[in-house]
There are 2 protein chains.
Amino acid sequence: MTGTKTRILDTALDLFNRHGERNVTTNHIAEALGISPGNLYYHFRNKTAIVAALFERYRQQIWEWLPPPRGELTWQDKMHYLQGILESMWQGRFLHRDLPHFLHQDPELRAEYTRFVQDGMERGLHIYQGLRASGLIEASDEDLRALMVNTWVLAMSWPGLTHGLNPAAAENESLDRALLRQGIYQIVCLEAPYLRGEALDHLDAMKAEFRVGDSTENLLFTAFDASVREASNG
Amino acid sequence: MTGTKTRILDTALDLFNRHGERNVTTNHIAEALGISPGNLYYHFRNKTAIVAALFERYRQQIWEWLPPPRGELTWQDKMHYLQGILESMWQGRFLHRDLPHFLHQDPELRAEYTRFVQDGMERGLHIYQGLRASGLIEASDEDLRALMVNTWVLAMSWPGLTHGLNPAAAENESLDRALLRQGIYQIVCLEAPYLRGEALDHLDAMKAEFRVGDSTENLLFTAFDASVREASNG
DNA sequence: GGATTTTTAGAGTAATTACTCTAGAGGTCA
DNA sequence: TGACCTCTAGAGTAATTACTCTAAAAATCC
């Protein structure tokens with residue numbers, strides 16, 4: 001029997017992801033959960049507190065998926081990190097779309113979020129440096145930093161962009177997953193010019209694994225169409 | 001004497017950019033403009049119509065700044081396009097943060113937006129192909145498509161991300177401009193691995209022009225701090 | 001088993017906000 | 001001048017929604 005507090009967060013996250021935080025009232029959450037509004041406010045003093053708690057949860061999960069590297073990194077480590085990014089994007093897909101509003105109003109939350117971005121950049125940079133130390137990547141310090149920023153922006157923005165264009169994904173998990181895989185493909189292409197050695201050998205296989213749709217047509221949108229077909233067939 | 005309709009859009013855009021669309025009511029717009037709510041609703045049947053009109057305006061401006069290439073492209077053309085992207089980001093900074101909500105509710109607007117993204121990708125791809133034809137870029141078709149998608153995502157997401165972290169930018173134009181320049185720097189770094197010939201010769205100068213802050217520290221955040229200092233000094 | 005604390009229900013409210021409605025001002029044209 | 005059309009004012013409203021308050025049920029403790 002999980003606690004009410006946890007169940008509130010679970011339900012809120014689900015509703016936020018599906019309908020967007022702005023379209024989900026606290027009464028909706030309570031109703032979906034079968035509890036009273038009063039009960040909900042007993043556990044969270046306001047809606048912002050729910051969002052903040054969800055963010056905190058999200059942050060912890062990311063840190064689990066993306067542990068700081070220990071020593072040299074292998075090709076398998078790199079694949080594992082990519083998987084971690086994929087999972088992180090999946091979990092946080094609502095946050096990066098709706099969080100800005102709360103950052104605007106809640107300085108404390110904003111400070112935490114800023115810290116989160118800083119830590120994420122630092123951690124990601126260490127990973128890239130680990131890959132460089134293993135000879136899997138070749139790049140100057142400056143290029144590595146720029147690459148890290150671009151990877152971060154892409155990973156954080158991709159879910160929001162794709163959902164804006166394709167809201168059906170919110171109700172269709174397999175379509176949603178396909179879109180995210182496409183996001184990983186984009187990250188792979190982002191890193192591609194810097195890969196060396198074993199990483200370079202596996203590049204084509206990696207692209208093939210995450211590529212969605214027919215590469216001869218418009219990339220982004222055939223990906224969507226193909227995903228829709230695939231999802232409605234399955 | 002500009003028309004009331006235009007003035008409503010101007011004021012709405014300004015308020016949306018500064019405070020976020022969600023925090024700006026139609027009554028606020030009317031009041032800031034010195035007209036009555038009834039008057040506002042005489043010109044726009046609802047808030048969505050205002051947002052849609054702003055989007056339409058934004059789209060037209062982008063197309064002006066990013067005309068389709070005619071024949072071979074020079075190095076100067078490329079710089080001009082970068083400038084166009086910068087201006088587009090500046091103009092549309094509120095849209096990509098707040099538009100998703102309206103896309104969710106208004107299928108017609110969503111269709112238009114989808115079309116916009118498609119056109120933008122296509123147009124951008126033509127530009128990249130023009131650069132390739134001139135020997136300024138070297139990349140496979142697939143790589144070029146992936147690059148285009150990444151450039152698009154970066155250009156569209158950058159303003160929202162930076163404003164989420166640094167809301168002071170909304171009230172401080174020079175800080176905001178600095179953040180945008182940093183975004184262009186990121187795009188330059190994105191394209192860097194594919195540059196050839198004259199483009200490659202100018203790469204360092206280009207990075208130097210758009211780089212913000214001290215490259216030996218954390219890129220993203222020293223950029224912010226440096227901008228804050230610069231803005232408060234000037 | 002009584003006292004105390006934690007958790008829950010559910011009716012209610014104050015505030016916000018997108019939007020309406022009516023009436024009238026101002027311009028234009030015959 | 002009068003008819004007509006465009007534009008504007010401004011009070012008002014219906015609906016939403018985050019949040020409160022009181023009391024009772026449930027759990028915990030001694």
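Within every chain, numbering begins at 1; the chains are lettered A, B, ... in the order of the sequence lines, protein sequences first and strands thereafter.
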Apply side chain to side chain contact (heavy atoms under 4.5 Å, CB included) to [X] and list each qualifying residue two or more places apart in sequence or on a separate chain.
| X | answer |
| --- | --- |
| A/His19 | A/Leu15, A/Asn23, A/Val24, A/Glu171 |
| A/Pro69 | A/Leu73, A/Tyr81, A/His126, A/Ile127 |
| B/Asn150 | A/Leu154, A/Gln186, A/Leu190, B/Leu190 |

Considering residues at least two apart in sequence or located in another chain, which fulfil the side chain to side chain donor-acceptor pair (under 3.5 Å) criterion with [X]?
| X | answer |
| --- | --- |
| B/Asp98 | none |
| A/Thr26 | A/Tyr41 |
| A/Glu21 | A/Lys47, B/Arg22 |

Which pairs, protein N/O on one side and nucleotides 22-27 of chain C N/O on the other, fall under 3.5 Å?
none

Exercise. If we ignore angles and hydrogens, is there a donor and acceptor under 3.5 Å between the side chains of A/Thr151 and A/Tyr128?
Worked result: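 There is such a pair between these side chains.
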Problem set entry | Spacing of B/Leu54 atom CG and B/Ile8 atom CD1 [to the nearest 0.5 Å] | 11.0 Å
For this session: Calculate, to the nearest 0.5 Å, the distance between atoms OG1 and CD1 belonging to A/Thr11 and A/Ile29 respectively.
Result: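 So the OG1 of A/Thr11 and the CD1 of A/Ile29 are separated by 8.0 Å.
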For this session: Tell me, please, which residues at least two apart from A/His163 pass ring pair (Phe, Tyr, Trp, His ring centres under 6.0 Å).
Result: none
Problem set entry | For B/Phe55, ring pair (Phe, Tyr, Trp, His ring centres under 6.0 Å) partners two or more places apart |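 B/Phe55 satisfies ring pair (Phe, Tyr, Trp, His ring centres under 6.0 Å) with B/Tyr113, B/Phe116 only.
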Exercise. Considering only heavy atoms, which members of residues 96-113 of chain B lie under 4.0 Å from some atom of DNA chain C?
Worked result: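 The answer is none.
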Exercise. Would B/Arg93 and B/Asp176 pass as an ion pair if we require N to O under 4.0 Å?
Worked result: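 Yes, charged N to carboxylate O under 4.0 Å.
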Problem set entry | Residue-phosphate contact under 4.0 Å: A/Tyr42 side-chain N/O, C/dT8 OP1/OP2 | no
Exercise. A/His43 side chain N/O closer than 4.0 Å to the phosphate oxygens (OP1, OP2) of C/dT8?
Worked result: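 Indeed, a polar side-chain atom of A/His43 lies that close.
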Exercise. With distance as the sole test, does A/His28 use its side chain to make a donor-acceptor pair with the main-chain N or O of A/Thr25 at under 3.5 Å?
Worked result: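 Checked: pair present.
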For this session: Sugar-phosphate atoms are those with a prime plus P, OP1 and OP2; base atoms are the rest. Using that split, label each nucleotide of nucleotides 11-22 of chain D B, S or - for protein heavy atoms under 4.0 Å, 5' to 3'.
Result: ------SBBBB-
For this session: Using five pairs at either end of the helix from C/dG1-D/dC30 to C/dA30-D/dT1, determine the angle between the two local helix axes and round it to 10 degrees.
Result: 0°
